[in-house]
Amino acid sequence: MNGPANSEPSDIQEEYDDQGLDARRARWTASGTGALLALAGLAAAALRLSGSAPALVPAAYGFGAGVCALAAVLGSRGRTRWALWLLIAGVMVMALGDQFD
C-alpha cells in the first residue's frame, strides 16, 4: 500500500510550498523595486529643483516617486499586480516630466 496514494499529499504540499515561495518573492520584488524607484525619483526631483529646470520637471519626478512609493506599500501587502501597474505609471510620469526639460 505504499504506492502512488502515499506520494500524493507530499506532491501537493511541495506544490503549495512552491506557490508560497513564489508569492513571497513577488511581494519582496514589488516592494523593493517600488522603494528603489521612489528614492531615485526623489533624488532626481531634488537635483532638478536645484537647477534651472521648469517647475513641472521636479513636480513630475516627485509625483512619480509618490506613485512608486504607493506601489511599494501595495506590493508589501500582497497586491503585486496593482503594484506592477503603479510602478509602470510612476516611471512613465517621471519620463514624461523629463521631456519638459
Side-chain angles (χ1 to χ4, degrees):
M1 227 157 171
N2 291 336
N6 288 342
S7 66
E8 225 175 285
S10 67
D11 289 343
I12 293 171
Q13 183 64 32
E14 287 176 16
E15 184 177 327
Y16 181 74
D17 290 341
D18 289 343
Q19 288 175 352
L21 182 64
D22 289 344
R24 191 175 306 114
R25 191 175 299 143
R27 285 192 304 269
W28 275 101
T29 302
S31 60
T33 304
L36 183 68
L37 287 173
L39 288 174
L42 287 176
L47 286 173
R48 295 295 185 155
L49 193 60
S50 65
S52 64
L56 185 60
V57 175
Y61 276 114
F63 183 73
V67 171
C68 289
L70 178 62
V73 170
L74 288 177
S76 70
R77 294 183 180 183
R79 302 290 185 185
T80 55
R81 189 173 297 152
W82 278 100
L84 173 65
W85 285 110
L86 284 175
L87 287 172
I88 292 169
V91 170
M92 286 177 62
V93 166
M94 287 188 247
L96 182 65
D98 197 39
Q99 295 298 316
F100 292 114
D101 190 20

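- Contacts classified as salt bridge (charged side-chain N to carboxylate O under 4.0 Å, His left out) and involving residues 28-44 (residues at least two apart or in different chains) are not found.
- Taking a 4.5 Å side-chain heavy-atom cut-off between Ile, Leu, Val, Met, Phe, Trp and Tyr, the cluster of F63 extends to V67, L70, L74, W82, L86, V93.
- Applying the salt bridge (charged side-chain N to carboxylate O under 4.0 Å, His left out) test to residues at least two apart or on different chains, none of the pairs has a partner in residues 53-76.
- In the hydrophobic clustering (ILVMFWY side chains linked at under 4.5 Å, chained through shared members), L37 is joined by L87, V91.
- Sorted pairs that involve residues 83-97 and meet side chain to side chain donor-acceptor pair (under 3.5 Å), not counting sequence neighbours, are lacking altogether.
- Grouped with L56 in one hydrophobic cluster are V57, Y61, M94, L96, F100, the linkage being side-chain heavy-atom contacts under 4.5 Å among Ile, Leu, Val, Met, Phe, Trp and Tyr residues.
- For R24, there are no salt bridge (charged side-chain N to carboxylate O under 4.0 Å, His left out) partners two or more places apart in sequence or in a different chain.
- Counting all heavy atoms, side chain and backbone alike, C68 lies closest to A38 at CB-N, 3.9 Å.
- Looking at residues two or more places apart in sequence or on another chain, you find a side chain to side chain contact (heavy atoms under 4.5 Å, CB included) between T80 and A26, R27, A30.
- Evaluation of the salt bridge (charged side-chain N to carboxylate O under 4.0 Å, His left out) test over residues 68-85, restricted to residues two or more places apart or in two chains, returns none.
- The stretch residues 28-42 participates, sequence neighbours left out, in no side chain to side chain donor-acceptor pair (under 3.5 Å) pair at all.
- Sorted by first and then second residue, the salt bridge (charged side-chain N to carboxylate O under 4.0 Å, His left out) pairs with a member in residues 41-59 read R48-D98, R48-D101; sequence neighbours excluded.
- Taking a 4.5 Å side-chain heavy-atom cut-off between Ile, Leu, Val, Met, Phe, Trp and Tyr, the cluster of L36 contains only that residue.
- Residues G97 and A60 come closest through the heavy atom pair CA-CB, 3.4 Å.
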